[in-house]
Peer 1: 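Below is one structure. I have some questions about it.
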Amino acid sequence: MEIDRERTSQDHITRKQREDKEEEEEEEEEEERVKLNPIVVLLVGAPGSGKSTFCDHVMKNCPRPWARICQDTINNGKAGTKIQCLTSAGSALKHGKSVFIDRCNLDKEQRADFLKLGGPQVEKHAVVLDLPAKLCISRSVKRSGHEGNLQGGKAAAVVNRMLQKKELPKLGEGLTRITFCQDEKDVQDTINTYNALGPSDSLSSGCFGQKNANAKIQLGIMKFLKKVDSPGDARSEANVSQKCVHNEVSKEKDHWIEGTQNCSVPSGHACEDVKDCDKVEMIADGNASDNIPTLAFPSISTADFQFNLEKASDIIVEKVEEFISKIGNARLVLVDLSHGSKILSLVRTKAAKKYVDSNKFFTVVGDITRLHSGEGLNCNVIANASNWRLKPGGGGVNAAIFSAAGPALESATKERAGSLKPGKAVVVPLPPTSPLFTREGVTHVIHVLGPNMNPQRPNFLNNDYVQGCEVLREAYSSLFEGFASIVRSYGGSSKGSSGRSVESEISPTNSGQKVKREAVYESDVNKKYKGFQKDLKPSVRNYLNGKEDLDKENGRGMTKTWGSWAQSLYNIAMHPDKHKNVVIEILDDVVVLNDLYPKAQRHLLVLAIGEGLDHLADVRREHLSLLKTMHAVGLKWTEKFLDENKSLAFRLGYHSVPSMRQLHLHVISQDFNSQHLKNKKHWNSFNTPFFRDSVDVIQEVSDHGKVVLKNEDNILSMELRCHRCRSAHPNIPRLRSHISSCQALFPTGLLQNGRLVFVPSEDGTSK
DNA sequence: GTTCTAGAAC
DNA sequence: GTTCTAGAAC
């Protein structure tokens with residue numbers, strides 16, 4: 001009893017001392033912890049993605065103390081549990097060590113407990129090693145030391161399974177910083193970042209390195225807007241993008257109208273730019289309420305026709321100066337889509353030097369087909385940098401204007417002229433039904449053809465700038481004269497008719513409009529080219545009859561050049577009757593043939609008959625019924641094949657960027673069982689977004705008048721994934737072996753909207 | 001589009 | 001040594 005009491009008392013003292021000591025230690029630890037500012041870094045990645053290697057590199061070189069919590073080895077060198085990892089990590093944090101959580105952490109649930117470690121005061125980072133599945137598989141196979149196929153296959157299966165469940169981390173989970181690594185370079189950069197992290201340093205918060213869907217869209221927009229700056233741009237692009245970043249993706253308005261006198265010469269400062277913005281808005285607001293006859297024109301010949309920019313800008317300023325005095329109060333506006341446009345900046349500088357009146361001539365960054373709706377600038381006349389055939393197509397301004405104006409412009413143009421010579425222009429009154437008329441208030445389009453310095457285009461001048469400059473001057477003269485004739489014909493006398501009167505005369509509701517229009521129809525400019533049209537028709541006919549030498553004279557659709565080997569489908573489309581050995585069906589608008597190198601049991605091509613339809617990029621609303629015909633013919637053949645073999649499934653679609661010229665629809669069974677399927681490009685061209693389902697193409701053309709082609713550069717060299725279960729495979733032979741037996745249901749995306757054509761099995765599934 | 005082939009990857 | 005890819009030529 002006595003002894004017991006004594007012991008109890010001793011126990012009490014010991015416990016008390018122990019508690020005090022622990023408290024002291026905890027306080028010290030806390031101080032140490034605060035001083036060391038430890039962080040938790042979750043590595044996120046499949047086996048073989050390089051998580052441990054990442055940790056090793058950082059722990060070797062980074063000056064702060066680290067603990068690596070590895071679930072694979074936490075149990076005395078063997079795999080342990082998540083609880084063990086959490087305990088161990090908590091303890092390391094208490095000792096002021098920063099912690100690497102070296103486990104896959106691929107889904108949110110797996111990460112959640114680790115994100116509670118150390119409470120909110122401990123920063124949580126994620127480093128996502130999102131490397132190609134193929135690389136992870138091959139590394140994990142290698143690491144296991146078993147290179148036999150069986151082990152390799154197992155590793156692949158494990159990695160695949162994990163990657164399919166992968167949920168990329170988000171800041172909302174409780175992370176303060178996320179770094180995404182998609183290749184070895186990203187990994188090395190991230191290692192360097194963490195190596196440089198001293199004991200009390202911290203890294204900035206946010207997401208880094210993510211190339212997510214959003215980023216792609218943004219890139220697409222940037223490409224679309226040609227925001228990729230050309231080298232030697234007179235303006236600092238950094239200034240420009242900072243200046244108006246709020247406008248870049250959303251609607252662009254006003255700010256981009258830059259008066260010549262406000263142009264910032266070579267080294268513009270940000271503050272000047274802001275000033276410009278303010279000034280510009282003021283001008284634009286003024287414009288919105290008035291209706292001064294205005295010609296918006298693109299720089300002629302400097303884009304696709306590769307005319308020297310310095311020389312072109314001299315000529316523009318010279319010709320503008322010459323005409324500005326002749327056209328009364330009318331205005332000329334040089335338009336370019338690109339913010340960093342060199343031609344605009346050259347012209348602004350030169351016009352400013354010559355004191356060209358900035359009320360009568362200025363430059364605008366914007367879409368020439370949306371100057372009213374997009375920029376608040378009323379332009380009743382726009383110029384088109386045309387091709388000699390005066391047809392839609394090609395890229396750039398010509399395609400944009402024809403597309404925005406709708407078929408009305410093409411027919412109205414046809415009435416005026418059939419073709420155009422370099423240096424000439426043709427004035428085309430825009431029918432009031434055209435969206436350009438109703439939406440943008442454009443009453444006339446003036447097609448103008450400039451000199452060509454591009455060897456890939458018709459009438460190449462072979463660097464002869466003496467002739468080139470002459471033709472370019474002539475082109476601007478023809479253009480401005482055409483514009484002057486419009487201004488005159490609307491009673492806008494060269495000397496000071498009011499803008500308002502012009503507006504009233506050309507208003508769509510005005511009954512006098514037709515008469516006024518007729519006046520323009522008979523302008524000199526037009527008479528001249530009606531004759532010319534007859535002259536050139538025979539050559540056009542020759543061209544249509546297959547004289548391929550004339551191919552190069554076709555100024556449209558020339559953004560892509562086709563090698564001689566790429567012409568066979570085109571030749572078949574032009575002369576189906578001469579290719580009866582390969583053609584299995586000839587209809588009015590389409591030809592059907594088996595693919596010469598089928599990539600599946602059934603693989604045929606429905607080929608469009610008709611000139612000027614090289615590929616999807618040429619497709620416009622006017623081709624909608626052709627697209628539907630092609631689809632219907634494809635479906636008809638699919639049904640025939642399904643009658644013969646109900647186990648097949650088919651997709652009908654187009655390659656975004658085909659190798660062979662002439663629009664062709666692939667009808668292909670989804671077994672992909674073919675000796676001709678040999679490489680990544682073959683696979684990915686049918687099993688990534690590079691393959692555009694016919695139903696989607698039809699929808700898109702119907703909605704937008706054309707196909708939006710996102711040119712993702714590496715899409716054809718992407719990793720190989722099964723089109724059914726989406727598993728990744730290291731090479732073509734392995735992939736083929738997998739798809740020969742994969743019975744997974746097709747992804748839901750394919751089962752929607754009739755993208756996949758098949759005979760449903762009795763349980764209603766796609767097999 | 002395919003074929004050919006050097007050389008990387010296994 | 002064999003398999004596979006990727007770039008050039010056509």
Side-chain angles (χ1 to χ4, degrees), chain A residues 47-48 50 131-157 159 183-184 456 548 551 557 560-574 579 581-584 591-600 602-608 613-618 653-668 672 674-688 690-692 711-722 728-740:
Chain A
L131 281 88
K134 177 183 159 180
L135 182 67
C136 301
I137 292 168
S138 81
R139 276 179 184 163
S140 40
V141 170
K142 220 183 253 178
R143 191 169 46 190
S144 72
H146 304 291
E147 296 198 25
N149 274 339
L150 189 65
Q151 276 78 10
K154 269 185 187 166
V159 173
D183 55 37
E184 302 281 10
Q456 307 287 331
E548 287 173 28
D551 186 351
K560 179 171 171 124
T561 47
W562 304 91
S564 56
W565 49 263
Q567 304 285 351
S568 53
L569 291 181
Y570 172 80
N571 294 337
I572 294 170
M574 292 303 116
H579 297 84
N581 51 337
V582 289
V583 166
I584 55 177
V591 173
V592 183
L593 63 150
N594 279 305
D595 194 298
L596 185 57
Y597 299 94
K599 304 297 183 294
R602 292 293 188 184
H603 183 184
L604 49 78
L605 306 177
V606 181
L607 187 60
L613 256 189
D614 289 349
H615 51 165
L616 271 191
D618 295 329
Y654 301 85
H655 284 159
S656 297
V657 183
S659 299
M660 306 295 284
R661 180 180 176 189
Q662 193 68 9
L663 187 70
H664 54 281
L665 172 74
H666 289 270
V667 177
I668 185 165
F672 294 107
S674 162
Q675 291 302 312
H676 297 293
L677 201 155
K678 291 175 176 168
N679 58 45
K680 224 172 208 187
K681 187 176 172 180
H682 291 155
W683 178 258
N684 283 335
S685 69
F686 290 100
N687 291 291
T688 64
F690 186 87
F691 187 82
R692 303 297 305 274
N711 245 337
E712 290 169 58
D713 297 339
N714 298 320
I715 201 157
L716 291 179
S717 46
M718 271 166 56
E719 59 187 4
L720 298 164
R721 283 190 177 272
C722 171
H729 299 269
N731 56 46
I732 289 288
R734 295 266 196 95
L735 173 78
R736 287 194 46 188
S737 135
H738 168 83
I739 56 175
S740 68

Peer 1: Considering every strand and a 4.0 Å limit on heavy-atom distances, what is the contact class for A:His664: base, sugar-phosphate, or nothing?
Peer 2: nothing
Peer 1: Among residues at least two apart in sequence or on other chains, which ones pass side-chain hydrogen bond (donor to acceptor under 3.5 Å, both in side chains) with A:Arg736?
Peer 2: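 Testing A:Arg736 for side-chain hydrogen bond (donor to acceptor under 3.5 Å, both in side chains), a comparison that skips the adjacent residues, returns none.
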Peer 1: Who passes side chain to side chain contact (heavy atoms under 4.5 Å, CB included) against A:Arg692, sequence neighbours left out?
Peer 2: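 Partners of A:Arg692 under the side chain to side chain contact (heavy atoms under 4.5 Å, CB included) test: A:Leu616, A:Ser656, A:Val697, A:Glu700, A:Val707, A:Leu709.
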Peer 1: Can you name the residues that form a side-chain hydrogen bond (donor to acceptor under 3.5 Å, both in side chains) with A:Asn687, not counting sequence neighbours?
Peer 2: none
Peer 1: State which residues pass side chain to side chain contact (heavy atoms under 4.5 Å, CB included) with A:Lys678; sequence neighbours excluded, sorted by chain then number.
Peer 2: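 Testing A:Lys678 for side chain to side chain contact (heavy atoms under 4.5 Å, CB included), a comparison that skips the adjacent residues, returns A:His682.
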Peer 1: Under the side-chain hydrogen bond (donor to acceptor under 3.5 Å, both in side chains) rule, collect the residues that match up with A:His579, sequence neighbours excluded.
Peer 2: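 So A:His579 forms no side-chain hydrogen bond (donor to acceptor under 3.5 Å, both in side chains) with any residue.
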Peer 1: Between the protein and nucleotides 1-5 of chain C, list every N/O to N/O distance that falls short of 3.5 Å.
Peer 2:
unit_1 : atom_1 : unit_2   : atom_2 : d
C:dT5  : OP1    : A:Ile732 : N      : 3.1

